[in-house]
Asker: 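This structure is in C-alpha cells; I'll ask about it shortly.
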Amino acid sequence: SSPSSGVGCRAGGRHFPTNSAPRAQKNRQTAGRRGTAVVPLVTILLFWTPTIRLWKRLIVVIAGVVFVISAGFAVTRTLATEHVKLTPVWQDIVGVLAFTDDMSDLEILTILKGTKIVVYHDIQKHARKLYRMRGAWRITDGPDRMFYQDSVMDWRPYNRAWRTLVFRDPAAYLKYHWKDFKILLGVPYDSVGATVWNLPLENPKFMDYIEHNAAWSRTQGLIAWPLYDIAVVTPLFTPWVYAAIGILLLVLCCRDRLTFALISSGLLYELSYFPVGANPDFRYSHWMITSICVATVILFIQRYRTKPRT
C-alpha cells in the first residue's frame, strides 16, 4: 500500500491534507492488492444449489479466493517493469517505537543493529515526531528520515527488529494500528487525509521518480473549491458514516445475495487495512463507499418496487 503525507496546501484560509507519491507506486504489483476487492463478489455471487452443503461452499469460496489472489499476483509479477519490495516493516518499527513505553537510545540501537538507521540520539522522540507528521515516505526520505534505503537491501535486520519490537510490546503494535485505522475511518471527525485531492504531487521531485507528470484542468480546479467546503462542513467525506450505514443495512435490510455481497465486500476490504498499516488516506475507503452507495440504491429500488400500490 502506498504511503502519503498529512501535510497539504491552503485554500480559502483552510488547511487540506494531501497525498504524496511513494516509492512503491513504481511497482505494478500493487494492482494485485487492489484486485482483491472483487474477491468477495466473485465468490459470494457464485450460483449455489440447495443440495450443496455449507462445508462444500466454504471450500469453494476459499479455493476461489486463493485462485484469484494468486492469479492476480502472478499476472502483475509478469507485467512488472521493476520489482520493489512492499513491506510495512519501517512503518511498524516507527509506529511501535512511538506507542511503546520509553526506551533508551542504547536499547533501541541494540534492537536495530544491522539496519541502516541514520538517527542515533533521541531515537524514540524522533519516531514519535515522524508518526505525528504522517507520511511513510518520510521514514526513508527527506530531512527527517530515520532509515537509509538503497537499491540493495538486506531485510534480515529489519525483520529481526520488527519481531523483537512487536513481541516485546504487542499492545503498542495493536494500539498503533488501531489509531491509524480510526484515522482511516475519519474518527475523530475530519482526521482522514486527502479527502479532496488538491495537488497532483506534493513533492515535485517524485515526478521523475514515478514517471508521472500530473496536472489538473481549469474545470477540475473550479470543482475543487466547493468540494473543500463540503469536506469541511459536512460528513460526506467521512468513511465511518458509510461503514455505519453499511452495517445497519446489512443487519436490517439485506435479504438478497447481491446487496449482501456488495456491502460485505466493502466492509471486509476496509478491515483489511487494519493489519497492513497503510497510511490513513481517504482513497483507501473508495471501494467501501462505492459498494455501500450502490447497495443502498439497489435496496431502495427493491423496496420501492415491492411497495403496495393504491
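The residues of the chain are indexed from 1 along the displayed sequence.
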Asker: Verify the ring-centre separation between Phe181 and Tyr273: is it less than 6.0 angstrom?
Answerer: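 Not close enough - the centres of the two rings lie 6.0 Å or further apart.
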Asker: With sequence neighbours excluded, give me every salt bridge (charged side-chain N to carboxylate O under 4.0 Å, His left out) pair touching residues 155-175.
Answerer: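 Of all non-adjacent pairs touching residues 155-175, those that pass salt bridge (charged side-chain N to carboxylate O under 4.0 Å, His left out) are Asp154-Arg156.
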Asker: According to a hydrophobic-cluster definition based on side-chain heavy atoms being under 4.5 Å apart (Ile, Leu, Val, Met, Phe, Trp, Tyr only), do Ile263 and Val297 belong together?
Answerer: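 No; Val297 is not reachable from Ile263 via cluster members.
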Asker: Under 4.5 Å between any side-chain heavy atoms of Leu184 and Phe282, yes or no?
Answerer: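 Side chain of Leu184 against side chain of Phe282, heavy atoms only: no contact under 4.5 Å found.
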Asker: For Asp122, what residues pass the salt bridge (Lys or Arg N to Asp or Glu O under 4.0 Å) criterion, not counting sequence neighbours?
Answerer: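 Asp122: no salt bridge (Lys or Arg N to Asp or Glu O under 4.0 Å) contacts found.
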Asker: Which heavy-atom pair separates Gly186 from Trp240 by the least distance, and what is that distance?
Answerer: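 Result for this residue pair: O-CD1, 3.5 Å.
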Asker: Under the rule for salt bridge (Lys or Arg N to Asp or Glu O under 4.0 Å), what residues qualify as partners of Lys113, not counting sequence neighbours?
Answerer: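 Checked Lys113 against salt bridge (Lys or Arg N to Asp or Glu O under 4.0 Å); zero matches.
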Asker: Ile111, Tyr148: one ILVMFWY side-chain cluster at the under-4.5 Å cut-off?
Answerer: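 Linked within one cluster.
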Asker: Are the aromatic rings of His177 and Tyr173 close, with centres under 6.0 Å apart?
Answerer: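 Yes - the distance between ring centres of His177 and Tyr173 falls below the 6.0 Å cut-off.
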Asker: With the side chain counted from C-beta on, respond yes when Arg145 and Ile139 share a heavy-atom pair under 4.5 Å apart, and no when they do not.
Answerer: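 Result no, sub-4.5 Å side-chain heavy-atom pair not found.
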Asker: With side chain to side chain contact (heavy atoms under 4.5 Å, CB included) as the criterion, how do Asp256 and Leu299 come out once you've worked through the C-alpha distance, each side chain's angles and the decisive distance to 0.1 Å?
Answerer: CA-CA 9 Å; Asp256 66 287; Leu299 287 170; 4.2 Å; yes
Asker: My understanding is that only one of Trp90, Phe147, Trp162 makes a ring-ring contact (aromatic ring centres under 6.0 Å, His included) with Trp155; could you say which?
Answerer: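 It is Trp90, the one option of Trp90, Phe147, Trp162 that forms the ring-ring contact (aromatic ring centres under 6.0 Å, His included) with Trp155.
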Asker: Should Ile245 and Ile247 be counted in the same cluster of Ile, Leu, Val, Met, Phe, Trp and Tyr side chains packed under 4.5 Å apart?
Answerer: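 Yes.
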Asker: Could you give all pairs that pass the ring pair (Phe, Tyr, Trp, His ring centres under 6.0 Å) test and reach residues 103-124, with sequence neighbours left out?
Answerer: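 Listed by first then second residue: nothing to list.
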Asker: Got a donor-acceptor contact below 3.5 angstrom from the Thr290 side chain to the Trp287 backbone?
Answerer: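 Not a single qualifying donor-acceptor pair exists.
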Asker: Shortest non-hydrogen contact from Thr238 to Leu185?
Answerer: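 The answer is CG2-O, 4.1 Å.
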Asker: What is the minimum heavy-atom distance between Val96 and Leu165, and which atoms define it?
Answerer: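 Here Val96 and Leu165 meet closest at CG1-O, 3.9 Å.
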Asker: With side chain to side chain contact (heavy atoms under 4.5 Å, CB included) as the criterion, how do Thr259 and Leu250 come out once you've worked through the C-alpha distance, each side chain's angles and the decisive distance to 0.1 Å?
Answerer: CA-CA 8 Å; Thr259 54; Leu250 197 64; over 6 Å; no
Asker: May I have the step-by-step check of side chain to side chain contact (heavy atoms under 4.5 Å, CB included) for Arg305 and Phe300, ending in yes or no?
Answerer: CA-CA 9 Å; Arg305 287 177 175 176; Phe300 176 81; over 6 Å; no
Asker: Establish whether Ile108 and Val118 are linked, either directly or via other cluster members, by ILVMFWY side-chain heavy-atom contacts under 4.5 Å.
Answerer: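 Same cluster.
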Asker: Walk me through whether Tyr131 and Asp180 qualify under side chain to side chain donor-acceptor pair (under 3.5 Å).
Answerer: CA-CA 10 Å; Tyr131 179 78; Asp180 271 8; 2.8 Å; yes
Asker: Does Ile223 share a hydrophobic cluster with Ile230, counting links as ILVMFWY side-chain heavy atoms below 4.5 Å and allowing steps through other members?
Answerer: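 Yes; Ile230 is reachable from Ile223 via cluster members.
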Asker: Going by heavy atoms in the side chains, are Gln302 and Cys253 under 4.5 Å from each other?
Answerer: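 With C-beta onward as the side chain, the pair stays apart.
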Asker: Please check this pair: side chain of Glu107 against backbone of Ser104, looking for a donor-acceptor N/O pair closer than 3.5 Å.
Answerer: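 Confirmed, Glu107 side chain pairs with Ser104 backbone.
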Asker: What's the spacing between Ser264 OG and Ile292 CD1 if we round to 0.5 Å?
Answerer: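 It comes to 10.0 Å.
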Asker: Please enumerate all residues that pass salt bridge (Lys or Arg N to Asp or Glu O under 4.0 Å) together with Arg132, with sequence neighbours excluded.
Answerer: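 If we apply the salt bridge (Lys or Arg N to Asp or Glu O under 4.0 Å) test to Arg132, skipping adjacent residues, there are no hits.
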Asker: Would you say the side-chain atoms of Gln124 pair up with the backbone N or O of Met103, donor to acceptor, closer than 3.5 Å?
Answerer: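 A pair under 3.5 Å: yes.
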Asker: Can you tell me how far the CG atom of Asp141 sits from the CZ atom of Arg138, to the nearest 0.5 Å?
Answerer: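 Here the interatomic distance stands at 10.0 Å.
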Asker: Under the side-chain hydrogen bond (donor to acceptor under 3.5 Å, both in side chains) test, which residues partner Asp102, sequence neighbours left out?
Answerer: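 side-chain hydrogen bond (donor to acceptor under 3.5 Å, both in side chains) check on Asp102 returns Arg128.
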Asker: With side chains defined as the heavy atoms from C-beta onward, is the minimum distance between Tyr269 and Tyr284 less than 4.5 Å?
Answerer: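 Tyr269 vs Tyr284: side chains apart.
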Asker: Any donor and acceptor pair, going by atom type alone, linking the side chain of Ser70 with main-chain N or O of Phe67 inside 3.5 Å?
Answerer: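 Judged by distance alone, no pair lies under 3.5 Å.
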Asker: Looking at every non-hydrogen atom in both residues, tell me the closest pair between Gly266 and Ser291 and how far apart they are.
Answerer: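 Gly266 and Ser291 have their closest heavy atoms at CA-OG, 3.3 Å.
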Asker: So, Thr100 side chain and Leu97 main chain: donor-acceptor pair closer than 3.5 Å or not?
Answerer: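 Flag not set: sc Thr100 to bb Leu97 has no pair under 3.5 Å.
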Asker: Any idea which heavy atoms bring Ala161 and Ile93 closest together, and the distance?
Answerer: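 Looking at all heavy atoms of both residues, the shortest contact is CB-CD1, 4.2 Å.
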Asker: Is the backbone of Val94 close enough, under 3.5 Å, to the side chain of Tyr176 for a donor and an acceptor to pair up by distance?
Answerer: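 Answer holds: no.
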Asker: Mind checking whether Lys179 and Lys182 have side chains closer than 4.5 Å, heavy atoms only?
Answerer: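 The answer is no; the side chains never approach within 4.5 Å.
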Asker: For a quick test of reading the model, state the closest non-hydrogen atom pair linking Gly246 to Leu267 and the distance between them.
Answerer: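 Heavy atoms of Gly246 and Leu267 come nearest at C-CD1, 4.4 Å.
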Asker: Has the side chain of Tyr242 got a donor or acceptor atom that lies under 3.5 Å from a matching backbone atom of Leu236?
Answerer: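 Yes, the answer is positive, given that a donor and an acceptor are paired below the 3.5 Å cut-off.
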